[in-house]
Amino acid sequence: MDWQELTNLTRGRPFVVERVRLAGSGVAIEGEFELPQLAQLNVEDQVFVTAFVRCHGSIKEMERIFGVSYPTIKSRLNRIMQMLDFVETDPAPSRADVIDRLRRGEITAQQALSELEGRT
């Protein structure tokens, strides 16, 4: 069964993967695994995102491929964006980084406390 069949079979309903087998090694891991966000999109949206990446984000090229207008492409991108969580690309500094910056006098003790308390 390929990913499109699985996506069609679930009809957009949430599901959990309970067993993962590493191909070629015979090793299987059992548990409760959530699919990555992109794998949770329906087949049409997965194809759309794949095309967008292959077009290097060119909306003009997407218009050509799908035969639709700029506003249609933007609308679909916005709809898909709403379904995906934002990935933090600027993580909070580590405790050691904060202390090092404090030692070097780059931040005050109050700023260091604020940064350390803001960590989860």
Side-chain angles (χ1 to χ4, degrees):
M1 175 181 296
D2 70 7
W3 63 271
Q4 288 178 330
E5 289 175 298
L6 180 60
T7 304
N8 286 334
L9 180 66
T10 62
R11 294 189 179 122
R13 293 184 308 260
F15 64 93
V16 176
V17 174
E18 293 183 341
R19 186 166 195 254
V20 175
R21 186 177 53 81
L22 303 176
S25 72
V27 174
I29 304 165
E30 293 194 17
E32 192 169 299
F33 308 99
E34 186 175 318
L35 291 176
Q37 289 183 58
L38 293 174
Q40 294 177 33
L41 296 174
N42 66 43
V43 173
E44 293 80 19
D45 287 342
Q46 288 181 27
V47 168
F48 187 84
V49 169
T50 301
F52 188 72
V53 171
R54 292 188 72 153
C55 292
H56 303 278
S58 169
I59 292 179
K60 184 173 273 320
E61 184 65 13
M62 292 291 286
E63 289 176 277
R64 187 190 67 72
I65 290 171
F66 288 96
V68 296
S69 67
Y70 177 91
T72 302
I73 298 293
K74 286 296 285 185
S75 174
R76 188 155 183 194
L77 284 171
N78 286 332
R79 183 181 55 75
I80 293 169
M81 177 188 67
Q82 295 293 322
M83 292 187 272
L84 303 174
D85 292 332
F86 180 73
V87 176
E88 183 60 54
T89 58
D90 189 17
S94 71
R95 181 179 205 82
D97 289 339
V98 173
I99 293 171
D100 286 344
R101 289 177 33 232
L102 177 61
R103 282 190 182 127
R104 291 190 303 263
E106 295 174 6
I107 58 174
T108 67
Q110 186 59 46
Q111 289 170 319
L113 283 173
S114 294
E115 286 189 32
L116 291 172
E117 289 171 353
R119 299 179 67 210
T120 56

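Note: hydrogens, waters and symmetry copies are ignored here, and every other heavy atom, side chains too, is used.
The main-chain N or O of P71 is never found under 3.5 Å from a side-chain atom of S75 such that the two would form a donor-acceptor pair. One N or O on the side chain of E63 and one on the backbone of Y70 form a donor-acceptor pair closer than 3.5 Å. Within the 3.5 Å criterion, the main-chain N or O of C55 finds no donor-acceptor partner in the side chain of S58. At distances below 3.5 Å, at least one donor-acceptor pair connects side-chain atoms of Q111 with backbone N or O atoms of T108.
Nearest heavy atoms, R19 versus A28: NH2-CB, 3.3 Å. I107 approaches V98 most closely through the heavy-atom pair CD1-O, 3.8 Å. Residue Q46 comes nearest to A39 through the heavy atom pair NE2-O, 3.1 Å, listed as atom of the first residue, atom of the second, then distance. Of all the heavy atoms in Q40 and L35, the pair that sits closest is NE2-O, 2.5 Å. What you find for M83 and L41 is that their closest heavy atoms are CE-CD2, 3.9 Å. Considering every non-hydrogen atom in both P93 and E115, the closest pair reads CG-OE1, 3.3 Å.
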> Checking side-chain contact (heavy atoms from CB on, under 4.5 Å) for the pair L38/L84: CA distance, chi angles, key distance, verdict?
Replying inline: CA-CA 8 Å; L38 293 174; L84 303 174; 4.0 Å; yes

> So V27 and R21, side-chain contact (heavy atoms from CB on, under 4.5 Å) or not? Walk me through it.
Replying inline: CA-CA 6 Å; V27 174; R21 186 177 53 81; over 6 Å; no

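Residues V47 and I65 do not share a hydrophobic cluster, clusters being chains of Ile/Leu/Val/Met/Phe/Trp/Tyr side chains in contact below 4.5 Å. At a threshold of 4.5 Å between side-chain heavy atoms, the hydrophobic network of Ile, Leu, Val, Met, Phe, Trp and Tyr places V49 and M81 in two separate groups.
Contact check for D45 versus R79: side-chain heavy atoms found under the 4.5 Å cut-off. Side-chain contact between F52 and M62 is present, with heavy atoms from C-beta onward closer than 4.5 Å. No side-chain heavy atom of V16 sits less than 4.5 Å from a side-chain heavy atom of E34. For the pair F48/L77, a side-chain contact is recorded, criterion being any heavy-atom separation below 4.5 Å from C-beta on. Side chains of F66 and T72 form no contact here, defined as non-hydrogen atoms less than 4.5 Å apart. I59 has its side chain within reach of K74: a pair of non-hydrogen atoms, C-beta onward, lies under 4.5 Å apart.
Few gaps surround CD on E44; more than 12 heavy atoms of other groups in view lie less than 6.0 Å from it. Heavy atoms of other residues, nucleotides or ligands lying less than 6.0 angstrom from CZ of R103 number 12 at most.
Look at R54 and E61 and you find no salt bridge, because none of the NZ, NE, NH1 or NH2 atoms lies under 4.0 Å from a carboxylate O.
In this structure, CD in E18 is found 8.5 Å from CD in E30, a value given to the nearest 0.5 Å.
Judged purely by distance below 3.5 Å, without hydrogens or angles, the side chains of D97 and S94 pair a donor atom with an acceptor atom.
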